[in-house]
Amino acid sequence: MLLKFPSFLLLLHLLLLLKLVASSPTEELNFTINGFSGANLTLDGVATVSSHGLLILTNNIVEQKGHAFHPSHLCFCRNHSDGSIPSFSTTFAFAIVPEFTNLGGNGLAFVITPSTDFSEAQPAQFLGLFNRSSNGRATNHVVAIELDTVLNVEFQDINNNHVGIDINGMRSNESSAAGYYADDTGELRNLTLISGKAMQVWVDYDGVDSMLNITLSPINEIGTPTTKPTKPLMSFTVNISAVLLDLPVHVGFSSATGSMTSSHYVLGWSFAMGVGHVQALPLDYSKLPTIPRLNLKRHRSRALGLWLAVASLVFVLLVTFVAFAAARWWSKYAELREDWEVEFGPHRFSYRDLFRATNGFGERELLGVGGFGRVYRGTLPNSGAEVAVKRVSHESRQGMREFVAEIASIGRLRHRNVVQLLGYCRRKGELLLVYDFVPNGSLDKYLHYGRAHKPALGWSQRFRIVKGVAAGLLYLHEEWEQVVVHRDIKASNVLLDSEMNAKLGDFGLARLYDHGINPHTTHVVGTMGYLSPELVRSGRATTATDVFAFGVFILEVACGRRPVEELAVGPQGEQLMLVDWVIENWREGSILDTVDAGLGGEYAREEAEMVLKLGLMCSHPHPEARPSMRLVVQYLEGRAALPELSPDYLYFRNLSLGYNEGFDDFVISYPSSVPSASIFSGEK
Ligand SMILES: *[C@@H]1O[C@H](CO)[C@@H](O)[C@H](O)[C@H]1NC(C)=O
Ligand SMILES: *[C@@H]1O[C@H](CO)[C@@H](O)[C@H](O)[C@H]1NC(C)=O
Ligand SMILES: *[C@@H]1O[C@H](CO)[C@@H](O)[C@H](O)[C@H]1NC(C)=O
Ligand SMILES: *[C@@H]1O[C@H](CO)[C@@H](O)[C@H](O)[C@H]1NC(C)=O
Ligand SMILES: *[C@@H]1O[C@H](CO)[C@@H](O)[C@H](O)[C@H]1NC(C)=O
Ligand SMILES: *[C@@H]1O[C@H](CO)[C@@H](O)[C@H](O)[C@H]1NC(C)=O
Ligand SMILES: *[C@@H]1O[C@H](CO)[C@@H](O)[C@H](O)[C@H]1NC(C)=O
Ligand SMILES: *[C@@H]1O[C@H](CO)[C@@H](O)[C@H](O)[C@H]1NC(C)=O
Ligand SMILES: *[C@@H]1O[C@H](CO)[C@@H](O)[C@H](O)[C@H]1NC(C)=O
Ligand SMILES: *[C@@H]1O[C@H](CO)[C@@H](O)[C@H](O)[C@H]1NC(C)=O
C-alpha cells in the first residue's frame, strides 16, 4: 500500500527528520482536542499554538500562510471486497478576528491532502493551498472546506463571506453564504465570519451515499454548549475516493492573509473516521481557550482592562473634543477619516496639502473633466512633486473600505506603462485620488480633437503606444502578485508622458461603482463601445473583457475613429460601429483603407495590418477566442506570428445579435443617465 505512494521515500525521510514515526495509513481514527496545548500537530508558516492553547494559523501580517496538520496518515480507501468507502465526521471551533472591524482577509480551510508541503502555494486568495499553476489540477488530490472572507471574481466567489467546498482548486464546487438553519423556526440566519466571534463547523461525510454535509453555527459564549443545527447549510455529493485515489492523506487546516489581514484561530477540533455512520465526539466547550479581543494584543487582567476602558473612554472623549474644535477651526479642510483607515496611513494625503497643491482646486489648474470626476494639476507643498488630483464624488460608503484597501494595494503597482497611484484622501461625499502627473495628457485628445491644431500622431508613435498599453495590461493581468482587471480601457484613460510613452490610468475606479444596493442587479460599468457582449450580459469583468476593450482601443488608435461614431451623412441617428466597419473592409479586401487618413498614407503596411487584425481578434465576441495579453505582446513584438484569420472567423453579423441580446440586461441595470439604446445596435 505505502509503496504505491510516489514520494514515499522522500516523505519517510522527512518524517524521520521530524522524529515522527511513520505508521501505515489508518482507516479508523478518533481524536478530540479541546485547546491545542501539548497537541501533536505539524505546524508551518506563521502557525503557532499560544500558551493557553489557541491554534493561531495566521496573525495580522500581510501575505502569510499558516498550516496545521494532524500527524496521522489516513486512507479513504475503497474496500475492495464490498466497494465501501470510509465515512468521516469532524467538527472544529474557530474565530476570525480581522485587524480592523469589517476589513479582513483571506480565510481558512479544513483540508484533506496527501502532501503537507505547501511551500510553493500562494497566500491571499489561494488560502495557502495552491498557486496559479497548480490551481484546479486533478493531480492535487485535495478536498478543502473553505471559510472565505474575500470576494474573488477570478474564482467566481459568491460574496466575501461564504463557505465553500473546493475540490483540487479554489473555484468552489459548491458554496453558500455563511449562515445556519435555526432549529426552532427553520429559517436561514446569516453569520459574519469576520465578526471576531467563535463559531463551529461540522463536516460530515457518508461513504455509503457519498454525501458531504457542511454545517455552521455560532458559539454563543465560550463555555456554553452549542448544538449542531439539524439541517446542514449545504450538501454535496462527491466520491471522495475518486478524488484522493486511495492515497495516504493528512487532515488539518490551512489559512492565509493577503493585502488585508485577519487572525485566524482554531479553538478545538474533533475528528472521527470509520466504516458506516460515524459522528465526531462533541467538543468540551468548558476547555476551549478564549479568543483575544479585537485590537487588544496582549492578555491583561480584568481590573486592568476596566481601567484601560475607562482611561481610553476619557481619552477618546478628549480627542473627540480636540478634534471637534480643530475641525471647526479648519472646517474648510475637513476630511472623513475612520478607524479602519489606520492601516492605510502611508497612502493617505491631507486635504489641506492637496488644497494648497492645487491652488484651492482653482479653475486654472483644471486638467479635465472625466466620467468619474474633475482632475486638477498640483505641486505638493513638501516634496515639490507634480501630481494630478482626481476628485470623485461618492456619497455611498458602501464598498468604500474594499475600495480603499484596493487603492493601497494598487499603490504598490510599479510599471513604466502604468500611471502611479500615490494615495488618497476622503471628504464627506468625496474621494480624492492622487496620481503621478503625466505631462502630455490623454491620448484621445491627439486622436480625435487635435487635428486642427496639431499634426496627427505618426504611425511609429501610435505603434509604440499600442505596445506600451499592451505591456502595462500584461503586467496588471499576469505579472503582478494579484490579477488586476482594469475594467475601463479606452483612449481617454491612456496618458502620455513627455516622451509620448503610454501609461494606463484610472484602473479599478469602475469598481467603486460596482457595488449595487440590490445584489440582484448588475451594474455594468465601463464605456460604451468597449464593453464585451459577455460583460454586458453578466456584469462580470474579467481579463478577457479587458482584452476585448484593448482590441477596440487599438482599432481606435489605428483608424483614428471612435468605437461608435455618429455618421454625418445618411438618416439621422445612424451610427458607425468601428469593429463592423473594419471587418466589412477586410472582407472586401481593403482593410488598409481603414487606417487613419490623417497619416497621409505614411505608415508601415505590415504593422498596420497586424494591428487591425489583432484588434479584431481581441474584440472577438467569444471570450475564449481572444488571445491572452501575453500572446498579444508576443504578436506586437514580432515574437509570434498572428494566426491566419479570415473575416468570417469573427462572425460579426452574429455579434450584432449578441449585442442586442445583451442590451436588455444592460438597460435594466445601468443608472438612468445612460445614452439611448440604439448605440448597441449593430445595424448599419
Ligand atoms: C504526542 O506524541 C508523542 C510521541 O508520539 C506522545 O508521547 C504524546 O503522548 C503525544 N501527545 C499527545 C497529546 O497526543
Ligand atoms: C471490507 O468489507 C468486508 C465485507 O463487508 C469486510 O469483511 C472487511 O473487513 C472490510 N475490509 C476493511 C479493510 O475494512
Ligand atoms: C506551484 O506549486 C507546485 C506544487 O504544488 C510546484 O511544483 C510549482 O513549481 C509551483 N509553481 C509556481 C509557479 O510557483
Ligand atoms: C469540482 O470543480 C472542478 C472545476 O472547478 C471540476 O473539475 C471537478 O470535476 C469538480 N468536482 C466535482 C466532484 O464536482
Ligand atoms: C443574509 O445574507 C444574504 C446574502 O448575503 C442576503 O441576501 C440576506 O438579505 C441576508 N439576510 C439577512 C436577514 O440579513
Ligand atoms: C446530510 O444531510 C442530509 C440532509 O439533511 C441527511 O439526509 C444526511 O443523512 C446527512 N448526511 C450526513 C453524513 O450527515
Ligand atoms: C468511487 O471512485 C472509485 C475510484 O474511482 C470507484 O472505484 C468507485 O466505484 C466509486 N464509488 C462510487 C460509489 O461511485
Ligand atoms: C471511532 O468512532 C467510531 C464511532 O464514531 C467508531 O465506530 C470507531 O470504532 C472508533 N474508532 C476508533 C479507532 O476508536
Ligand atoms: C509632450 O511634452 C513635452 C514636454 O512636456 C513637450 O516638449 C512636447 O511638445 C509634448 N508633445 C506633444 C505632442 O504635445
Ligand atoms: C452567423 O450567421 C450566419 C448567417 O447570418 C450563419 O451562416 C452562421 O452559421 C452564423 N454563425 C454562428 C457561429 O452562429
Side-chain angles (χ1 to χ4, degrees), residues 1 4-5 25 27 30 75-92 109-114 125-127 129-146 148 152-158 162-176 179-183 186-188 200-217 227-249 251 270-282 540 542 624:
M1 179 64 64
K4 281 188 188 164
F5 189 46
E27 291 174 7
N30 294 347
C75 187
F76 291 95
C77 304
R78 209 165 52 90
N79 179 330
H80 288 282
S81 58
D82 69 356
S84 67
I85 300 164
S87 301
F88 75 91
S89 164
T90 189
T91 183
F92 58 94
F110 168 75
V111 191
I112 305 174
T113 171
Q125 71 265 42
F126 293 96
L127 295 186
L129 290 172
F130 308 106
N131 57 34
R132 208 167 281 287
S133 54
S134 68
N135 187 46
R137 298 234 164 121
T139 50
N140 292 331
H141 308 296
V142 168
V143 175
I145 311 302
E146 63 168 25
D148 192 343
N152 269 99
V153 175
E154 183 184 356
F155 303 138
Q156 299 177 0
D157 281 355
I158 52 168
H162 61 271
V163 184
I165 298 172
D166 298 343
I167 294 171
N168 292 329
M170 296 311 299
R171 177 171 299 177
S172 301
N173 292 68
E174 183 85 12
S175 59
S176 174
Y180 66 104
Y181 289 96
D183 277 342
E187 67 170 337
L188 178 61
Q200 189 169 349
V201 171
W202 290 262
V203 179
D204 297 292
Y205 182 72
D206 187 325
V208 177
D209 58 12
S210 301
M211 171 103 54
L212 182 63
N213 286 354
I214 316 292
T215 314
L216 185 64
S217 160
T227 47
K228 176 181 173 184
T230 318
K231 182 175 177 191
L233 177 62
M234 56 207 277
S235 295
F236 184 66
T237 305
V238 53
N239 179 350
I240 212 160
S241 150
V243 177
L244 304 173
L245 287 188
D246 297 358
L247 293 170
V249 290
V251 287
S270 176
F271 184 91
M273 178 179 184
V275 175
H277 180 75
V278 294
Q279 186 72 55
L281 288 172
R540 187 163 276 162
T542 62
E624 312 81 54

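One-based numbering along the sequence shown. In each ligand, atom 1 is the first atom listed, and ligand 1 is the first ligand listed.
Shown in contact with Asp206 at under 4.0 Å from a heavy atom are these atoms of ligand 6, numbered in order with element: 13 (C). Within ligand 6, counting atoms from 1 as listed, the ones closer than 4.0 Å to a heavy atom of Pro232 are 2 (O), 5 (O).
Ion pairing of Asp183 with Lys228 is absent here, as no side-chain N (NZ or NE/NH1/NH2) approaches a carboxylate O to less than 4.0 Å.
For the pair Asn213 and ligand 6, the shortest N or O to N or O distance falls below 3.5 Å.
For Thr90, the side chain to side chain donor-acceptor pair (under 3.5 Å) partners at least two apart in sequence or on another chain are Trp269.
In this structure, the separation between OG1 on Thr237 and CE on Met211 is 5.0 Å, given to the nearest 0.5 Å.
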Hey, mind stepping through Phe126 and Phe155 against ring-ring contact (aromatic ring centres under 6.0 Å, His included) and telling me if it holds?
CA-CA 10 Å; Phe126 293 96; Phe155 303 138; 5.5 Å; yes

If you apply the rule ring-ring contact (aromatic ring centres under 6.0 Å, His included), what do you find for Phe88 with Phe76, and how did you get there?
CA-CA 9 Å; Phe88 75 91; Phe76 291 95; 5.3 Å; yes

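Shown are Ser270, Pro232, Ser217; of these, the side chain to side chain contact (heavy atoms under 4.5 Å, CB included) with Trp202 is made only by Ser217.
No donor-acceptor pair under 3.5 Å is formed between the side chain of Tyr205 and the backbone N or O of Met273.
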What short N/O contacts, under 3.5 Å, does ligand 4 make with the protein, listed by atom pair and distance?
unit_1	atom_1	unit_2	atom_2	d
ligand 4	2 (O)	Asn173	OD1	3.2
ligand 4	2 (O)	Asn173	ND2	2.4
ligand 4	11 (N)	Asn173	ND2	2.7
ligand 4	14 (O)	Asn173	ND2	3.1

